[in-house]
2 protein chains.
Amino acid sequence: MAGRTKKLTTVSYGILGLLGLRPHTPYELAQQFRRSGTFWASAESVVYNEPKALVAHGLASAAAEADGGRRRTRYSITPAGRRELRRWLSDPAVEPQFQFDAMMKVLFSDLGDKEDLLGAIEAMRAWAERTQAGAATITHDYTTGDEPYPDRAHIVGLTQAYRVGLAQMTRQWADWAEQQVRNWPDTHNGPAPADLLTRLGAGRTPW
Amino acid sequence: MAGRTKKLTTVSYGILGLLGLRPHTPYELAQQFRRSGTFWASAESVVYNEPKALVAHGLASAAAEADGGRRRTRYSITPAGRRELRRWLSDPAVEPQFQFDAMMKVLFSDLGDKEDLLGAIEAMRAWAERTQAGAATITHDYTTGDEPYPDRAHIVGLTQAYRVGLAQMTRQWADWAEQQVRNWPDTHNGPAPADLLTRLGAGRTPW
DNA sequence: GGTAGATACTCCGTTTCGGAGTATGTCTAT
DNA sequence: ATAGACATACTCCGAAACGGAGTATCTACC
């Protein structure tokens, strides 16, 4: 705590939040973080490292367990951890960040051919469908009582609603975009869509 | 080209794409990348470094310019660069990645108080409004002819439509979520929303 | 002609990435 | 019962990215 401890990140607090629900082993944390982690992408190695950082900050405690020949460490939140988690929840949120490889390809699609553009749009649609499927799995588990935290269903409803909205909107966009592009002779000669741009500027979608 | 050259990333190809439109200085690249770069977040220092990497790969060429006392380098795409850009456009897209700090706060909001949850929802709404405003600026520039690439308006229509869709969906979610939460006594005692979860599983949004 | 603030970058210590490596667990065929 | 294959559960480390401090030039205004 005193000397060199790394700065806590959103991942740190996400892990701390999971520990706030119940104690977890590193592997469980990695699984859960991946599952709920549609909202925050990060490398697995970082997730595995966070519990140690939390202990160094005094926000979590570690207990050794033996599970056959395998040594495990089970981490729990400390009272200081709970306080710090509440403090974080009251911090202003940082701006969302994205990495949409497919949309970057759409953005420069006039330097390639039409097939590639349609492929990028299709990639967005496929991702939307995977996103919807993921949301369906989670909501299904909650309705059948397969979930470890039934009393969190109202919170899960909020977050999964956003996921479903994102998936639905992306599908609508992909359908519309595909139709547009199919009517173009090629990628660098589309119609100048003055009315579309006006509409978009006013915050209205074309679908 | 022969020895140690760093692997090209989506940022590299984004920069290469900009050079595919016309030659740029590093500063111009950074500006343009930020502007179009809603779809790919990355640090400024990385963007400034990419042109050098592209030259090392033989995909861009550098020309020194004097602009008063300030030395500038203007980068242009090479024929090999154009080929490589087209190859990239035909690559399958990598999965989108997000970092939604506010949604992480929503996800663990039952460990904090109601005010913080409403704050996180409000942060999402505020971001949606900034996103819409950004899209409006770009589309407005295109309709008034203030844009350097009027013949790319059809492509810009595609990408900005997604941005506007994202902004609209986020606003709708925020309105709905705020209403839900205002009816809760506190963050850890919401109604068990069985019908909501069923609806979400079927891919239908509650708004 | 001085200086305050904006512009246009570079530099570098810290953090993250991501894939290879390691060790244990489990299943299946013989 | 046991060898081999595949899955599970992590650790390690070199390369890349981050982001903020630092530097130099330009521009506007007094």
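Sequence lines set the chain letters: A, B, ... in the order given, protein chains first and strands last, and positions in each chain run from 1.
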Please write out each protein N/O paired with an N/O of nucleotides 16-22 of chain D under 3.5 Å, distance rounded to 0.1 Å.
unit_1: D/dA17; atom_1: OP2; unit_2: B/Lys6; atom_2: NZ; d: 3.4
unit_1: D/dC18; atom_1: OP2; unit_2: B/Ala43; atom_2: N; d: 3.0
unit_1: D/dG19; atom_1: N7; unit_2: B/Ser45; atom_2: OG; d: 2.7
unit_1: D/dG19; atom_1: O6; unit_2: B/Ser45; atom_2: OG; d: 3.1

Would you list the protein and nucleotides 25-29 of chain D atom pairs, both N or O, that sit under 3.5 Å from each other?
unit_1: D/dT25; atom_1: O2; unit_2: B/Arg70; atom_2: NH2; d: 2.8
unit_1: D/dC26; atom_1: OP1; unit_2: B/Asp67; atom_2: O; d: 3.3
unit_1: D/dC26; atom_1: OP1; unit_2: B/Gly69; atom_2: N; d: 2.7
unit_1: D/dC26; atom_1: OP1; unit_2: B/Arg70; atom_2: N; d: 3.2

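Sorted by first and then second residue, the salt bridge (Lys or Arg N to Asp or Glu O under 4.0 Å) pairs with a member in residues 32-44 of chain B read B/Arg35-B/Asp141, B/Arg35-B/Glu147; sequence neighbours excluded. Residue pairs meeting the ring-ring contact (aromatic ring centres under 6.0 Å, His included) criterion with at least one partner in residues 61-80 of chain B, sequence neighbours excluded, do not occur; the list is empty. For residues 45-66 of chain A, every residue pair satisfying the salt bridge (Lys or Arg N to Asp or Glu O under 4.0 Å) rule, not counting sequence neighbours, is listed here: A/Lys6-A/Glu50, A/Glu65-A/Arg74.
A straight line from OH of B/Tyr48 to P of C/dT7 spans 11 Å, rounded to a whole angstrom. Atom P of nucleotide D/dT8 and atom CZ of A/Arg72 are separated by 12 Å, given to the nearest angstrom. Counting to the nearest Å, the C1' atom of C/dC9 and the CZ atom of B/Phe33 are 17 Å from each other. Whole-Å rounding puts the B/Tyr75 OH to C/dC9 C1' distance at 11 Å.
In this structure, the ring-ring contact (aromatic ring centres under 6.0 Å, His included) partners of B/Phe98, at least two apart in sequence or on a different chain, are A/Phe98, A/Phe100, A/Trp127, B/Phe100. Partners of A/His24 by ring-ring contact (aromatic ring centres under 6.0 Å, His included), not counting sequence neighbours: none found. Take B/Arg87 and apply the salt bridge (Lys or Arg N to Asp or Glu O under 4.0 Å) test, not counting sequence neighbours, and it matches B/Glu84, B/Asp91. Every residue meeting the ring-ring contact (aromatic ring centres under 6.0 Å, His included) condition with A/Trp88, not counting sequence neighbours, appears here in chain and number order: A/Tyr13.
Judged purely by atom type and a 3.5 angstrom limit, A/Thr78 uses its side chain to pair as donor or acceptor with the backbone of A/Gly58.
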